[in-house]
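Everything below concerns the one structure shown next.
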2 protein chains.
Amino acid sequence: MGETRQRDAIDRILDEWAVQRPDLDVSALAVIGRLSRYAALVQARLDAVFAEHGLQSWEFDVLSALRRAGAPYELTPGELDRALLITSGTTTHRVQRLEARGFVTRRRDNDDRRIVRVRLTETGRAAHEATHDAHAANETRILAGLSPDERDALLGGLQALGRVLGDAAEGGA
Amino acid sequence: MGETRQRDAIDRILDEWAVQRPDLDVSALAVIGRLSRYAALVQARLDAVFAEHGLQSWEFDVLSALRRAGAPYELTPGELDRALLITSGTTTHRVQRLEARGFVTRRRDNDDRRIVRVRLTETGRAAHEATHDAHAANETRILAGLSPDERDALLGGLQALGRVLGDAAEGGA
DNA sequence: CAGACATATCTCGACGTCAAGATATTCCGC
DNA sequence: GCGGAATATCTTGACGTCGAGATATGTCTG
């Protein structure tokens, strides 16, 4: 306690603005700048573990969405769009490449022939399984340096942000 | 108080894992999943305001870095790399396009001819100025729905995360 | 001062994403 | 059951980013 927190990259940005434009209110930047910067730094750490297991993070994301959907591990491209916050063109592209790797299959629904069913193959499920533990451990390790209070604060703050962003309404399944 | 927080998209993901793999510890996912998802949702809101002012967010980022460097509003490509967490190839590309729009100039340093000086033009400074207020207001508006406690929790949690990520050592000037 | 190493920037090719629109199918009101 | 609106997916072209390596310049060691 009482110890001054070490200044980070965002603090330096705020310092620069304080010199250049002391009239500005940078308190929102202090939050949002960190949010986006740290999300990028965290993603880089996650990518490193995926790479060790021969996966891109977008591949893992798709496999995870299918895995957690439960047997028969099947979703439509539209459901993937919404779950992963990506556009339909991106989903088509991702599914094609996962199909080429043998991780998923695609087939038309016979009741509604507009719909496609993307299903995890056994190979795909195994690839997810093989990577998941290391990934989860990686996430745990990243947060391990936080005290319980800090971690609660971060989670609570993010939950509140999610409420403000209206996330409950988006990404529905 | 006592009111149950509305369940959001990440809660639904956690619920799905609880059904599929009740043995998993998803508490780290609850934090990191939100971090990356909300960073993406926030970025989309920021992009909307930049678009109203005819800028891409990467353009605004470069103009901001130069602006807050102070007169003569000049940085090297390497400094931009580190400030913006991008690779040198990306910086070259960004600077070329900002130069084409008349927002920056490039010239070799005469003392060390490996070095380039990227300088904000008056046009570039004006473009930043014209966008900055709306952008700052947008950031403030996004956070306006948070209570002071929630906002403090979010900021404090992010600062702790920055410490854990070693951000103080990165992005230095 | 020559050679090796270090630094700064740029080039090139590949990749992932998006936006807009095309196509195919289903639903709904009459 | 017909025509138009709605829905689901795919196609296309453009763009931003990265990684690896090329080039040019500077520094250091002996």
Side-chain angles (χ1 to χ4, degrees), chain A residues 36-37 39-41 43-48 50-51 54-63 74-101 103-119 172-173, chain B residues 36-37 39-41 43-48 50-51 54-63 74-101 103-119 172-173:
Chain A
S36 81
R37 186 177 184 97
L41 291 174
Q43 187 60 55
R45 294 220 195 171
L46 302 186
D47 289 347
F50 292 139
L55 288 179
Q56 303 294 318
S57 67
W58 64 260
E59 293 179 302
F60 186 82
D61 289 343
V62 176
L63 299 182
E74 199 171 76
L75 292 172
T76 67
E79 287 167 341
L80 286 169
D81 293 350
R82 291 183 288 273
L84 303 176
L85 295 182
I86 56 181
T87 62
S88 65
T90 297
T91 294
T92 297
H93 199 206
R94 287 188 180 187
V95 169
Q96 280 172 352
R97 280 168 299 172
L98 289 172
E99 195 176 24
R101 287 193 71 173
F103 289 165
V104 304
T105 57
R106 283 168 67 259
R107 72 184 157 67
R108 287 270 163 199
D109 184 297
N110 271 324
D111 292 342
D112 182 342
R113 297 196 50 75
R114 294 171 302 182
I115 290 177
V116 168
R117 302 284 174 188
V118 179
R119 182 183 290 206
Chain B
S36 82
R37 185 177 183 97
L41 292 174
Q43 188 60 55
R45 293 220 196 173
L46 302 186
D47 289 347
F50 293 139
L55 290 178
Q56 303 293 317
S57 67
W58 64 262
E59 294 178 302
F60 187 82
D61 289 344
V62 177
L63 299 183
E74 200 172 75
L75 291 172
T76 67
E79 287 167 341
L80 286 170
D81 292 350
R82 291 183 288 274
L84 303 176
L85 294 182
I86 56 181
T87 63
S88 66
T90 298
T91 294
T92 298
H93 199 206
R94 287 188 180 188
V95 169
Q96 281 172 351
R97 280 167 299 171
L98 288 172
E99 194 176 24
R101 287 193 71 173
F103 289 167
V104 305
T105 56
R106 282 167 69 258
R107 71 185 157 69
R108 286 269 163 200
D109 183 297
N110 272 324
D111 293 342
D112 183 343
R113 297 197 51 75
R114 294 172 302 181
I115 291 178
V116 168
R117 301 284 173 188
V118 179
R119 182 182 290 206

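Computed from a predicted model, the values in this text were never measured in an experiment. Sequence lines set the chain letters: A, B, ... in the order given, protein chains first and strands last, and positions in each chain run from 1.
In this structure, A/Arg37 and B/Ala83 approach most closely via the heavy-atom pair NH1-O, 3.6 Å.
The distance between atom CG of A/Asn110 and atom P of C/dA24, rounded to the nearest whole Å, is 18 Å. Rounded to an integer number of Å, the gap from A/Leu84 CG to C/dC18 C1' is 15 Å. Residue B/Gln43 contributes atom CD, which lies 13 Å from atom P of C/dC18 at whole-angstrom precision. Rounding to whole angstrom units, CZ of residue B/Arg114 and P of D/dT25 are separated by 11 Å. B/Arg117 has its CZ atom 8 Å from the P atom of C/dT9, to the nearest Å. Protein atom CD of B/Glu99 is 14 Å distant from nucleotide atom P of C/dT9, rounded to whole Å. With rounding to whole Å, B/Arg97 atom CZ is found 13 Å from C/dT11 atom P.
Annotation: side chain of B/Ile115 is not in contact with side chain of B/Arg108 (no heavy-atom distance under 4.5 Å).
Proximity of A/Thr90 to the phosphate of C/dC18: a side-chain N or O atom is located under 4.0 Å from OP1 or OP2. The phosphate of C/dC10 has OP1 or OP2 within less than 4.0 Å of a side-chain N or O from B/Thr92. OP1 or OP2 of C/dT11 sits under 4.0 Å from a side-chain N or O of B/Gln96. Using a 4.0 Å cut-off, no side-chain N or O of A/Arg108 falls inside it from OP1 or OP2 of C/dA24.
B/Gly89 comes within contact range of at least one nucleobase, with a heavy-atom separation under 4.0 Å.
At least one donor-acceptor pair under 3.5 Å links the side chain of A/Arg97 to the backbone N or O of A/His93.
Of the two residues near DNA chain C, A/Arg113 and B/Thr76, the one whose nearest nucleotide lies more 5' is B/Thr76. Of the two residues contacting DNA chain C, namely A/Asp111 and A/Thr87, the nearest-nucleotide position lying further toward the 5' end is that of A/Thr87.
For the atom pair CZ (B/Arg82) and OG1 (B/Thr91), the distance works out to 10.0 Å, reported to the nearest 0.5 Å.
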